[in-house]
Protein chains: 2
Amino acid sequence: MPTRTIQAIPGLPIASVERETGLSKDTLRVWERRYGFPTPERDANGERLYAPLQVRRLAQIKRLMDRGHRPGKLLALDEAALLALDELPSAAQATPGDEQLDAWLNLVKTHDSEALQQAFHREMAKRGMARFVQDIVAPLIARVGAAWSRNELGIFEEHLFSQHLEKLFRTTLANMAPQTGHPRVLLTTLSGEEHTLGLLMVEALLVVEDAYPVLLGPQTPIDEIVRAASLKQVDAVCLSFSSAYSPALAAQGLRDLRQRLPGDTQLWAGGYGVKPIRKPIDGVCLVPEFQDLFDCLAGWRSAKDSKPAV
Amino acid sequence: MPTRTIQAIPGLPIASVERETGLSKDTLRVWERRYGFPTPERDANGERLYAPLQVRRLAQIKRLMDRGHRPGKLLALDEAALLALDELPSAAQATPGDEQLDAWLNLVKTHDSEALQQAFHREMAKRGMARFVQDIVAPLIARVGAAWSRNELGIFEEHLFSQHLEKLFRTTLANMAPQTGHPRVLLTTLSGEEHTLGLLMVEALLVVEDAYPVLLGPQTPIDEIVRAASLKQVDAVCLSFSSAYSPALAAQGLRDLRQRLPGDTQLWAGGYGVKPIRKPIDGVCLVPEFQDLFDCLAGWRSAKDSKPAV
DNA sequence: TCGGCATATTTGTCCTAGACAAGTTGTTGA
DNA sequence: TCAACAACTTGTCTAGGACAAATATGCCGA
């Protein structure tokens with residue numbers, strides 16, 4: 001068993017830094033050229049070796065960029081200013097939320113898996129699925145995201161939280177076993193959007209409303225969505241966009257998909273990622289809030305009633 | 001089943017090809033330079049646009065490389081020879097349940113969700129979890145991947161198949177509810193590796209062996225893995241790598257992680273992605289096959305017995 | 001004062017082409 | 001038959017240069 005020597009780490013090669021920070025090799029090199037940071041050492045072969053401290057700072061800068069800051073500014077700042085930014089101005093931090101949500105956020109922070117799982121089950125039984133999703137889960141996810149960007153909890157806690165929710169929804173849904181129901185709705189995301197939780201929440205809401213969701217998982221290319229819609233004979237396709245997804249990309253993707261989908265197949269788009277889309281897209285139903293999903297559903301049903309035979 | 005028609009898009013940019021095939025941009029460019037394949041068009045700006053057919057072939061070549069073939073040979077072959085290679089020598093896996101697997105593959109191709117789900121449950125009950133995973137699920141996943149590379153089924157079928165497996169494992173695991181057991185094993189993947197199925201299979205095997213898995217989900221940065229291991233007090237960390245993950249990156253990541261993890265915490269690495277790693281890494285247990293997982297487990301338990309008090 | 005539009009800057013990704021180390025294969029000699 | 005050495009293969013790194021998409025800034029008219 002090797003004794004761990006602290007100083008023994010000369011530095012990380014560029015590939016490791018890419019993996020750890022999510023900044024591409026090209027970006028790392030071009031930052032060094034343009035801004036003079038980072039300043040990696042070189043090994044005998046002239047290849048970059050990044051000091052662990054700089055890697056840490058790069059990760060911090062990446063986090064701030066995800067909050068909307070621009071690299072040009074961030075890279076000019078020194079250590080202290082960076083930390084100050086990290087603490088302070090996370091936009092809508094002052095959500096005057098319930099104490100209950102705060103209590104739950106605390107369970108997430110302390111990785112109290114058992115308590116969290118129990119609380120979830122209790123609250124779902126108490127409120128019913130629809131209200132549970134809208135009043136608890138969705139706000140809590142937003143809360144956790146905000147806390148992460150404020151560096152109050154790490155990726156580890158966030159992953160654990162996601163896993164608990166996924167487990168909860170999947171087991172609950174498995175027991176509800178929808179073998180029928182209308183409309184039939186295909187659930188997926190476009191390539192580049194990996195978040196599955198939104199889909200699971202929608203699936204849960206659809207099931208309790210006696211619709212028939214077909215969960216396809218994330219990241220389906222557009223032509224495959226079209227093929228799936230046809231083969232599974234769905235009445236609607238529902239896409240989910242997280243806030244990380246570029247609104248322009250989302251709008252473009254929705255237009256592309258709308259064009260290739262049969263006219264009588266509805267197209268719904270939900271999630272935080274569609275909120276910034278101002279202009280309505282022809283033939284696409286934007287569902288920024290879960291409440292709107294019920295409107296879509298009702299809309300389809302009344303349309304169906306007016307021309308019943310298919 | 002008719003071969004699916006390739007859509008008339010101009011071509012994929014290099015970044016998309018990297019994502020789809022798992023071949024790095026550098027590799028794609030150097031192959032073009034050295035072997036004259038692939039031969040992408042260029043857009044108005046001189047940037048590469050890869051024909052969908054060539055992307056498919058690149059993915060096929062990658063698959064064959066994971067089986068041990070060398071790129072120099074593969075890239076010199078024509079379409080027919082490549083397909084022949086794809087069929088033949090992998091049949092070394094001529095598991096006796098061959099016809100059965102083919103029958104199941106057919107269920108995947110025809111999106112017969114109900115029949116597939118039923119067959120899964122029946123077979124799991126019949127064989128028990130361990131044999132079910134090793135004899136059915138793992139080969140079937142390989143089969144589906146091969147069928148995809150032969151263009152016999154699309155992403156849609158593959159996603160649907162994955163969703164069924166995920167549902168199956170998650171519901172089964174939820175009911176087994178491990179609140180105790182040893183060793184405690186943290187399950188996750190490095191950043192860049194998104195596949196969750198491997199983790200779920202390992203979790204299932206660990207639970208039936210009376211270990212205590214902690215499922216963290218995919219894409220955890222190294223320092224967060226270290227923090228999670230410490231906070232959750234695990235005895236081992238188990239990473240999963242799919243065949244798309246670059247072996248060099250995997251090895252580098254494992255070395256990085258090994259260095260930061262406490263010496264008494266074991267590190268296991270499994271999945272198709274570790275098969276091409278020849279050189280053993282100091283202090284890391286490579287688990288290319290599920291069978292080897294049991295050896296790791298037994299190894300830990302005998303080591304623990306020899307110094308019981310902790 | 002404010003919204004809309006044209007211009008300027010910022011920024012990530014792509015390009016070429018050369019180099020080299022680690023791994024694999026092939027050959028020679030004991 | 002097997003070890004040692006040479007030759008080849010192959011992925012990843014290097015260096016700037018270039019450009020388009022995203023974002024910021026300035027300007028004009030209402």
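Chain identifiers are assigned alphabetically (A, B, ...) following the order of the sequence lines, protein sequences preceding nucleic acid strands; residue numbering begins at 1 within each chain.
Residues satisfying the side-chain contact (heavy atoms from CB on, under 4.5 Å) criterion with B:Q134, sequence neighbours excluded, are B:A130, B:R131, B:F290, B:Q291, B:F294. Under the rule for a side-chain contact (heavy atoms from CB on, under 4.5 Å), the partners of A:I155 that lie at least two apart in sequence or sit in another chain are A:W148, A:H159, B:P221, B:E224. Judged as a side-chain contact (heavy atoms from CB on, under 4.5 Å), and not counting sequence neighbours, the contacts of B:Y272 are B:A142, B:S243, B:K275. Residues that satisfy the side-chain contact (heavy atoms from CB on, under 4.5 Å) test with B:R33, not counting sequence neighbours, are B:V30. Every residue two or more places apart in sequence or in another chain was checked for a salt bridge (charged side-chain N to carboxylate O under 4.0 Å, His left out) with B:E20, and none qualifies.
For residues 246-258 of chain A, no pair satisfies salt bridge (charged side-chain N to carboxylate O under 4.0 Å, His left out), with sequence neighbours left out.
Taking the 5' to 3' direction, DNA chain C first and last meets chain A under 4.0 angstrom from a heavy atom at C:dT10 to C:dA21.
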Counting primed atoms, P, OP1 and OP2 as sugar-phosphate and everything else as base, the B/S/- map of nucleotides 9-14 of chain D against protein heavy atoms under 4.0 Å is SBBBBB
Acceptor/donor pairs from residues 46-54 of chain B side chains to any protein atom, 3.5 angstrom cut, sequence neighbours excluded:
unit_1	atom_1	unit_2	atom_2	d
B:E47	OE2	B:N45	ND2	3.1
B:R48	NE	B:E32	OE1	2.7
B:Q54	OE1	B:T39	N	2.9
B:Q54	NE2	B:T39	OG1	2.8

